[in-house]
Amino acid sequence: MTHIDSQAIVSEKAILGQDVRIEAGAVVEAGAIIGDRCIIRSHAVVTGSVQMGEGNLIGYGAIIGADPQDVNYRGENALVKIGDNNVIREYVTIHRGSRDGGITQIGSRCFFMVGAHVAHDCHVEDEVVLVNHVLLAGHVKVGRRAFLGGAAVVHQHVRIGRLAILRGNIAVGKDVPPFAMAVGTNAVSGLNRVGLRRAGISEQVRRELEKIFFILYREGLNRAQAIEKIKGLDWKSSEAFEFIEFVEKTRRGICRFYKGEDFIAE
């Protein structure tokens, strides 16, 4: 049974599913779509640009679907789309797209901790963790099961690959390959070995990924040379091809190898 606190402000033009709970002081604007079993905590705001699935928790004071922080935004019709069973904690902000028809997309089973920010037109896939105060600039793409440590900052249009991990309090302005561990500034130190094991990636596949990482980062080749060498070898796993394709398609460049010092973004 849906319960709306008497002190909540919920538009009659919002669409609510079954067993939704909206607490005191929360605001749900006209046009918002809230799926079954969602909980909107006190003083959270869900604007009319939001469409969310089932089982989501929106924490105290979170703001979902506000205008993008884009100086060129002129009120275009844009959305935030959220999947199912996400935990979005206190004071998280998620902004809608910045162009007509633009979408900020959040997958399912994500966990966004206190104060995290997802800017306009980002695409965050399933089971991503954003620790406290992570900042994603506009158009960032985050792959499935990536883990971003506290206060990590990600520049616009950067891609974070699947099962990548970012150490806390770092800045990233270049793409982080899938399965990699980002440290320092625009640098990676190796593979996310713990994450790979927890995801059930076999030892044989991990060895392939380690070999690709070594050729790419440790043999003294530039990216084009490394890709040519890698593509000339025989790989068995889909993960290997995923790694190679990600690196081939980079537009911002990929993070460098960490040598014990922070790198300045180029």
Side-chain angles (χ1 to χ4, degrees), residues 83-86 105-112 122-131 134 136 140-150 152 154 158-168 170 172-261 263:
D84 303 323
N85 301 310
N86 296 287
Q105 183 82 49
I106 310 297
S108 296
R109 301 177 302 283
C110 295
F111 188 7
F112 296 174
C122 285
H123 184 181
V124 180
E125 296 186 2
D126 297 343
E127 300 177 86
V128 167
V129 176
L130 305 183
V131 180
V134 167
L136 302 184
V140 167
K141 295 183 178 180
V142 183
R144 184 172 178 266
R145 295 191 71 168
F147 184 101
L148 281 65
V154 183
V158 163
R159 296 180 302 150
I160 308 295
R162 181 169 72 95
L163 275 168
I165 183 169
L166 276 63
R167 192 175 69 183
I170 69 170
V172 175
K174 294 186 181 295
D175 292 347
V176 179
F179 321 117
M181 176 179 291
V183 297
T185 301
N186 290 336
V188 294
S189 62
L191 294 180
N192 178 17
R193 292 179 175 85
V194 173
L196 289 169
R197 288 196 298 270
R198 288 177 176 173
I201 304 297
S202 71
E203 182 180 353
Q204 180 181 356
V205 173
R206 296 200 303 269
R207 287 179 177 175
E208 283 199 334
L209 296 173
E210 286 170 357
K211 186 173 183 179
I212 293 171
F213 187 94
F214 186 85
I215 295 171
L216 183 63
Y217 284 110
R218 306 303 303 275
E219 289 198 348
L221 305 174
N222 64 36
R223 189 169 73 239
Q225 291 169 335
I227 290 173
E228 182 179 4
K229 180 173 181 177
I230 290 167
K231 294 182 72 174
L233 299 175
D234 183 27
W235 307 104
K236 305 298 184 184
S237 67
S238 61
E239 288 84 359
F241 290 104
E242 180 181 350
F243 197 134
I244 296 164
E245 182 181 24
F246 184 98
V247 173
E248 277 192 297
K249 289 186 175 180
T250 185
R251 298 180 64 183
R252 295 193 61 86
I254 59 172
C255 289
R256 309 179 199 178
F257 185 68
Y258 181 71
K259 298 180 180 178
E261 59 183 277
F263 291 104

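What you are looking at is a predicted structure, and each value in this text was computed from that prediction instead of being measured. Worth knowing before you read on, the calculation uses all heavy atoms, side chains too, and leaves out hydrogens, waters and symmetry mates.
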Let me confirm one number: the CD-CG distance from Glu203 to Leu196, rounded to the nearest 0.5 Å. 12.0 Å
Rounded to the nearest 0.5 Å, how far does CG of Leu216 lie from CD1 of Ile254? 4.0 Å
Suppose we screen for salt bridge (charged side-chain N to carboxylate O under 4.0 Å, His left out). Which residues come up paired with Glu228, at least two apart in sequence or across chains? none
Between Cys110 and Val124 the two heavy atoms that sit nearest each other are SG-CG1, 4.3 Å
In a table with atom names and distances, give each donor-acceptor pair under 3.5 Å that connects a side chain of residues 140-147 to protein atoms at least two apart or in another chain.
from   : atom 1 : to     : atom 2 : distance (Å)
Arg144 : NE     : Glu127 : OE2    : 3.2
Arg144 : NH2    : Glu127 : OE2    : 2.6

Looking only at heavy atoms, what is the nearest atom pair of Val131 and Gly149, with distance? CB-C, 3.8 Å
My understanding is that only residues two or more places apart in sequence, or in another chain, count here; which of them pass side chain to side chain contact (heavy atoms under 4.5 Å, CB included) with Glu208? Trp235, Lys236, Ser237, Ala240
Checking side chain to side chain contact (heavy atoms under 4.5 Å, CB included) against Phe112, which of Asn86, Ile106, Val134, Val129 comes through? Ile106
First locate atom CD1 of Ile165, then atom CG of Leu191, and finally report the distance between them rounded to the nearest 0.5 Å. 12.0 Å
Looking at Glu245, Arg159, Glu242, which hits side chain to side chain contact (heavy atoms under 4.5 Å, CB included) with Pro178? Glu242
If you measure from CG on Leu209 to CZ on Arg193, what distance do you get to the nearest 0.5 Å? 10.0 Å
Minimum heavy-atom separation for Phe213 to Ser189, with atom names? CZ-C, 4.1 Å
So the salt bridge (Lys or Arg N to Asp or Glu O under 4.0 Å) pairs with at least one residue in residues 215-227 (sequence neighbours excluded) are Glu219-Lys229
Working for side-chain contact (heavy atoms from CB on, under 4.5 Å), residues Phe179 and Asn192: CA-CA 5 Å; Phe179 321 117; Asn192 178 17; 5.6 Å; no
Would you please name every residue forming a salt bridge (charged side-chain N to carboxylate O under 4.0 Å, His left out) with Lys211, sequence neighbours left out? none
Sequence-distant partners of Asp84, salt bridge (charged side-chain N to carboxylate O under 4.0 Å, His left out), two or more places apart: none
Could you grab the distance from atom CG of Leu148 to atom CD1 of Ile160, nearest 0.5 Å is fine? 5.5 Å
Less than 4.5 Å apart, any side-chain heavy atom of Ile212 and any of Val247? no
Can you see which heavy atom on Ile170 is nearest to which on Ala182, and at what distance? CD1-O, 3.6 Å
I need the minimum non-hydrogen distance between Tyr258 and Gly184, along with the two atoms involved. CE1-CA, 4.4 Å
Trace of the salt bridge (Lys or Arg N to Asp or Glu O under 4.0 Å) decision for Arg206 with Glu210: CA-CA 6 Å; Arg206 296 200 303 269; Glu210 286 170 357; 5.6 Å; no
Distance-minimising heavy-atom pair for Lys231 and Ile244: CG-CG2, 4.1 Å
Do Arg252 side-chain atoms and Gly173 backbone N/O form a donor-acceptor pair below 3.5 Å? yes
